[in-house]
2 protein chains.
Amino acid sequence: MTKTKEKKADQPPLKRGSGVTHVYETLRNEIIELKLTPGSPIDEVQLSERFSLSRTPIREALVRLAAEGLITTLTNRATIVSNIDFLNLGDFFDALTLMYRVTTRLAAQNHRPEHVAEIQAFQDAFARTVAEQDVLGMIASNRDFHVAIAKAGGNRYYIELFTRLLDEGRRILRLYYSSFNDKLPQQYVTEHEHIIAAIVARDIALADELARVHADQIVSQIQSYISADTRPNASLSL
Amino acid sequence: MTKTKEKKADQPPLKRGSGVTHVYETLRNEIIELKLTPGSPIDEVQLSERFSLSRTPIREALVRLAAEGLITTLTNRATIVSNIDFLNLGDFFDALTLMYRVTTRLAAQNHRPEHVAEIQAFQDAFARTVAEQDVLGMIASNRDFHVAIAKAGGNRYYIELFTRLLDEGRRILRLYYSSFNDKLPQQYVTEHEHIIAAIVARDIALADELARVHADQIVSQIQSYISADTRPNASLSL
DNA sequence: GGACAATTATTTGTCGACAAATAAAATTTA
DNA sequence: TAAATTTTATTTGTCGACAAATAATTGTCC
């Protein structure tokens, strides 16, 4: 309840340079979880009141978010939560698939025992959310699972890009989670298990192939959600 | 104290929100061109004097650079120009090669006439710098050439990552350009021509293969520079 | 003389305030 | 009444200043 979270009056003196990080991470999560809807304006003074901070650290956090593409700043005008770019979803799917493959390959190649343990832990969490029909939890733990694989691969450039893509994917999936089909997720659990096995066996070619199939699966599912969406103008980037 | 700063008294009233962009771009170039050497400290007040701006916009530019990984901020302590990470150069080469291939493939697939013109223009610039033995110009125009190919491919995620990788490569190459061998560059000109031909012919497989060979060529050349470097402790990340 | 402690100095992070730029409202005018 | 123009209001970008955190310096004691 009264944790050190956002509320009007919290304990101001947390630490010296931690305010910006807190604001950044909080807003980042809210954007990814669609608590802040795409296109909605960001009011600096409102945020400064909410976090009990001056506008300066708020601004710094916003610059970081803008550098990541999560918010868009119209100079001298408003700054808004970035829209999901439905027109270029193909780019997104292409890059996502490539990162699925490359990171899984590298994991099979470079992983160490502790990595497998972490991957398995997130896979357990994923299986749990599937069993509980917790769709939002599924989306999050699936993301953690693949980020863990990327970390086992070790290439920091891939880790960074892949993380961004997966988080962007979380935004997209949240838009359509209402139409989630309860039968498919179990298949993902199985596919994850196979991917883990291929990584442990250091079978690079198999890991690559499984990742590709897995990615195609997810991409086509998202696409089916989008095309099944009946809301008028829902696929327009506004 | 009063040493020669670029332009002490320039035209202050440029435009309202353009100060940060100017500072950002200027510093970015200086970092990439190694005018600001890795590890050297960034003094905010010194910069604010140099650009005739308050510390606030300077700070904003620095946050952007930090988000890109070009500078490193030690909280409450100094902020320095990021070091070149020689220990993980393998990651860099791997990601660079992948982006070479993927962007060239996509260019063969998606390019339009105006893209070819732009690519050819940068290739001409590259050939010119090779003829003039202008090594620094070579490095820059080679980068522009491949960024143009990435833009012809059209995938914004690849464009962004590739640009960052190529700029990081500029930093590395600048460290070793003194030992440049004058015979090899001509080969790059030829390889570039072949890549353009493959793109124009929309031969995706050939474009991919040429890009791979080209990337391997460059990677092995950089590696030979590094291993041939005789400076003591030169390969240490300090 | 060297190690430790206290003091000073420098630098960073944050603040409140002001001015430019834009949006919104009010007024005028045809 | 509607378009155009002036006035007001809101919001962003920038500034100078202050306080916390750290580094540098000095002083003290063994």
Side-chain angles (χ1 to χ4, degrees), chain A residues 4 6-28 31 36 39-67 70-82 238, chain B residues 1-3 5 7-28 31 36 39-67 70-82 238:
Chain A
T4 163
E6 69 275 7
K7 264 304 180 185
K8 290 284 179 177
D10 32 318
Q11 48 276 51
L14 270 163
K15 254 169 202 169
R16 175 102 150 132
S18 70
V20 278
T21 313
H22 178 227
V23 175
Y24 165 77
E25 289 174 351
T26 304
L27 290 182
R28 181 185 152 79
I31 293 172
L36 295 173
S40 64
I42 310 258
D43 189 352
E44 294 180 2
V45 294
Q46 193 174 315
L47 288 176
S48 69
E49 286 171 12
R50 173 178 163 195
F51 290 101
S52 311
L53 285 172
S54 161
R55 268 180 58 225
T56 312
I58 301 287
R59 215 137 204 294
E60 224 161 273
L62 293 184
V63 170
R64 278 217 249 169
L65 291 170
L70 290 174
I71 66 176
T72 307
T73 61
L74 296 315
T75 325
N76 277 329
R77 223 165 305 171
T79 98
I80 60 172
V81 178
S82 292
L238 30 133
Chain B
M1 303 296 178
T2 41
K3 69 184 208 177
K5 280 135 196 169
K7 306 158 193 170
K8 191 60 180 279
D10 26 319
Q11 48 279 44
L14 271 160
K15 254 167 204 172
R16 174 102 153 133
S18 70
V20 278
T21 312
H22 178 227
V23 174
Y24 165 77
E25 288 174 351
T26 305
L27 290 182
R28 181 185 152 79
I31 292 173
L36 295 174
S40 64
I42 309 260
D43 189 351
E44 295 179 1
V45 294
Q46 193 174 315
L47 289 176
S48 70
E49 287 171 11
R50 173 179 163 195
F51 290 99
S52 311
L53 285 172
S54 162
R55 267 181 58 226
T56 311
I58 301 286
R59 215 137 202 294
E60 224 161 271
L62 294 184
V63 170
R64 277 217 249 170
L65 291 169
L70 289 174
I71 66 176
T72 307
T73 61
L74 295 316
T75 324
N76 278 328
R77 223 165 304 171
T79 98
I80 60 171
V81 178
S82 293
L238 32 132

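Throughout, protein chains are lettered first and strands after them, A, B, ... in sequence-line order, and every chain is numbered starting at 1. Model, not experiment: these values are computed from the prediction.
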**Q.** B:Lys15 NZ to C:dT22 P, straight-line distance once rounded to whole Å
**A.** 10 Å
Q) Quick one: does B:Arg16 reach the base of C:dA20 with a side-chain donor-acceptor pair under 3.5 Å? A) yes
Q | Nearest non-hydrogen partners of B:Ala67 and A:Ala67, listed with the distance | A | CB-CB, 3.7 Å
**Q.** Contact nearer the 5' end of DNA chain D, comparing A:Asp43 with B:Arg55
**A.** A:Asp43
Q) Taking CG from B:Leu62 and P from D:dT14, how many angstroms apart are they, rounded to a whole number? A) 14 Å
Q | Atom pair distance, as rounded to whole Å: CD in B:Glu49 and C1' in D:dC15 | A | 15 Å
Q | Between D:dT12 (C1') and A:Ile80 (CD1): distance, integer Å | A | 15 Å
Q. Rounding to a whole Å, what distance do you find between A:Ile71:CD1 and D:dT12:C1'?
A. 13 Å
Q: Could you tell me the separation between the CD atom of A:Glu44 and the C1' atom of D:dT10, rounded to a whole number of Å?
A: 12 Å
Q: To the nearest 0.5 Å, tell me how far B:Ile42 CD1 sits from B:Leu47 CG.
A: 6.5 Å
Q: Take atom CD1 of A:Ile58 and atom C1' of D:dT11, then tell me their distance rounded to the nearest Å.
A: 15 Å
Q: Begin from the C-alpha positions of B:Ile58 and B:Gln46 and carry the test side-chain contact (heavy atoms from CB on, under 4.5 Å) through to its verdict.
A: CA-CA 10 Å; B:Ile58 301 286; B:Gln46 193 174 315; over 6 Å; no
Q: Using heavy atoms to find the nearest nucleotide of DNA chain C for A:Thr75 and A:Thr56 separately, return the residue whose nucleotide is more 5′.
A: A:Thr56
Q: Among B:Leu70, B:Leu27, B:Thr21, find the residue that satisfies the side chain to side chain contact (heavy atoms under 4.5 Å, CB included) test when tested with B:Arg64.
A: B:Thr21
(Q) Nearest whole Å is fine: how far is D:dT14 P from B:Glu60 CD? (A) 7 Å
Q. What does B:Leu74 touch in the nucleic acid at a heavy-atom separation under 4.0 angstrom: a base, only the sugar-phosphate, or nothing?
A. nothing
Q. Does B:Arg77 make a side-chain donor-acceptor contact with the base of C:dT11, cut-off 3.5 Å?
A. no
Q. Looking at side-chain heavy atoms only, is the closest gap between B:Thr26 and B:Arg50 below 4.5 Å?
A. yes
Q. Of all the nucleotides listed (C:dA21, C:dT14, C:dT12), which has the minimum atom distance to the side chain of A:Asn76?
A. C:dA21
